[in-house]
Asks: 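Next up is a structure, given as structure tokens.
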Amino acid sequence: MLTKTDKKIIEQGKTLGWVLEPDAKALMKRQGFDIPDFILTTSFESGHRFLKDCEGPVVAKAVSKKILHKSEHHAVVTKIFSSDHLKFEMKRLQTLDGCENILVEKMVQGTEILIGAKNDFQFGPVIIFGIGGTSVEIYNDTAVRMAPVKPDEVLSMVESLKAAEIIKGYRGKPGVNMEVLTQLMADFSCLIMELENDIESVDLNPVICTKDHCVIADARIILQRS
């Protein structure tokens, strides 16, 4: 259920027309969904300490009210292992149009999936599921159901994909934890029903899934025009 804080996040984004990623992730976390550990900073020293504490690669992203699609503006960098690399990328990201902050987050690895929603003018909120990442538009391998999604519908959405075996596991590779994924999909669809009057679309892409968990690595909320 949306709290006053959740509603405030949505309200603050209406002037812009969409919700900045850190705020979108904060909303998702407040709803009980897993997100990567991250910090918001303009300080390399803070980024360096975070990288050191992570003991693994991090992702750096520009947070800008003028950049909605980060990949198109080279505003996201993955697989940062060293302090030198992080310092270089933070300096570069800060030169991008409107960059106010750098989001540095722990990099999570696993199967990339897309979970999204659209407010269809005829059917109302619909849930979209498929293989995620930057190649999602190329493969166009998605399943759509009306919200809210029932648990037994999640399996049918998986089975309908050409890439179903990637999610279920193949050639000795572990699949996605279907219990966790099912709960995430069901809870997300209920959230979308609550946001019906505010949103145009929501994209969680990628959601990184393993045999243990599903983590929302990126979140974009587009709001309805007044």
Asks: If you measure from the Lys or Arg side-chain nitrogens to the Asp or Glu carboxylate oxygens, is any gap between E21 and K25 under 4.0 Å?
Replies: yes
Asks: How about L184 and V154: do any of their side-chain heavy atoms sit closer than 4.5 Å?
Replies: no
Asks: First locate atom CD of E45, then atom OG of S83, and finally report the distance between them rounded to the nearest 0.5 Å.
Replies: 10.5 Å
Asks: Quick check: do V63 and L40 have side-chain heavy atoms less than 4.5 Å from each other?
Replies: yes
Asks: What's the separation between atom SG in C99 and atom NE2 in H73, rounded to the nearest 0.5 Å?
Replies: 12.5 Å
Asks: Can you measure from CD (E165) to NZ (K173) and round to the nearest 0.5 angstrom?
Replies: 13.0 Å
Asks: Would you check if L191 and L2 make a side-chain contact, meaning some heavy-atom pair closer than 4.5 Å?
Replies: yes
Asks: More than 12 heavy atoms of other residues, nucleotides or ligands under 6.0 Å from NZ of K106: yes or no?
Replies: no
Asks: For atom NZ of K118, decide whether the heavy atoms of other residues, nucleotides or ligands shown that lie under 6.0 angstrom number more than 12.
Replies: no
Asks: My understanding is that only one of I192, L223, I222 makes a side chain to side chain contact (heavy atoms under 4.5 Å, CB included) with V202; could you say which?
Replies: I192
Asks: Within this structure, what is the CD1-NZ distance for the pair I9 and K4, rounded to the nearest 0.5 Å?
Replies: 15.0 Å
Asks: Ignoring hydrogens and angles, state whether a donor on the side chain of R145 or S156 is under 3.5 Å from an acceptor on the partner side chain.
Replies: yes
Asks: Out of curiosity, L68 CG to L20 CG, how far, rounded to the nearest 0.5 Å?
Replies: 9.5 Å
Asks: How is the hydrophobic cluster of V104 composed, in terms of its other members, when Ile, Leu, Val, Met, Phe, Trp and Tyr link through side-chain heavy atoms under 4.5 Å apart, directly or indirectly?
Replies: I39, F44, F50, L51, V58, I67, V77, I80, L86, M90, L93, L96, I102
Asks: Would you say that E200 contacts R225 through its side chain, given a criterion of any heavy-atom pair below 4.5 Å between the two side chains?
Replies: yes
Asks: Go through K168 and E159 one step at a time and tell me if the salt bridge (charged side-chain N to carboxylate O under 4.0 Å, His left out) criterion holds.
Replies: CA-CA 9 Å; K168 294 189 293 184; E159 294 284 0; 3.2 Å; yes
Asks: Search all heavy atoms of A217 against all heavy atoms of I208 and return the closest pair with its distance.
Replies: CB-CG1, 4.0 Å
Asks: What closest approach, in Å, do D141 and A163 show between heavy atoms, and which atom pair accounts for it?
Replies: OD2-N, 3.0 Å
Asks: Could you check if a side-chain atom of V207 sits within less than 4.5 angstrom of a side-chain atom of F188, using non-hydrogen atoms only?
Replies: no
Asks: Please report the closest heavy-atom contact between G47 and T41, naming both atoms and the distance.
Replies: N-CG2, 4.3 Å
Asks: State, with a plain yes or no, whether a side-chain heavy atom of M107 is found less than 4.5 Å away from one of P36.
Replies: no
Asks: Do the side chains of E11 and K8 get close enough for a salt bridge, i.e. N-O under 4.0 angstrom?
Replies: no
Asks: Heavy-atom count check: over 12 atoms from other residues, nucleotides or ligands less than 6.0 Å from K65 NZ?
Replies: no
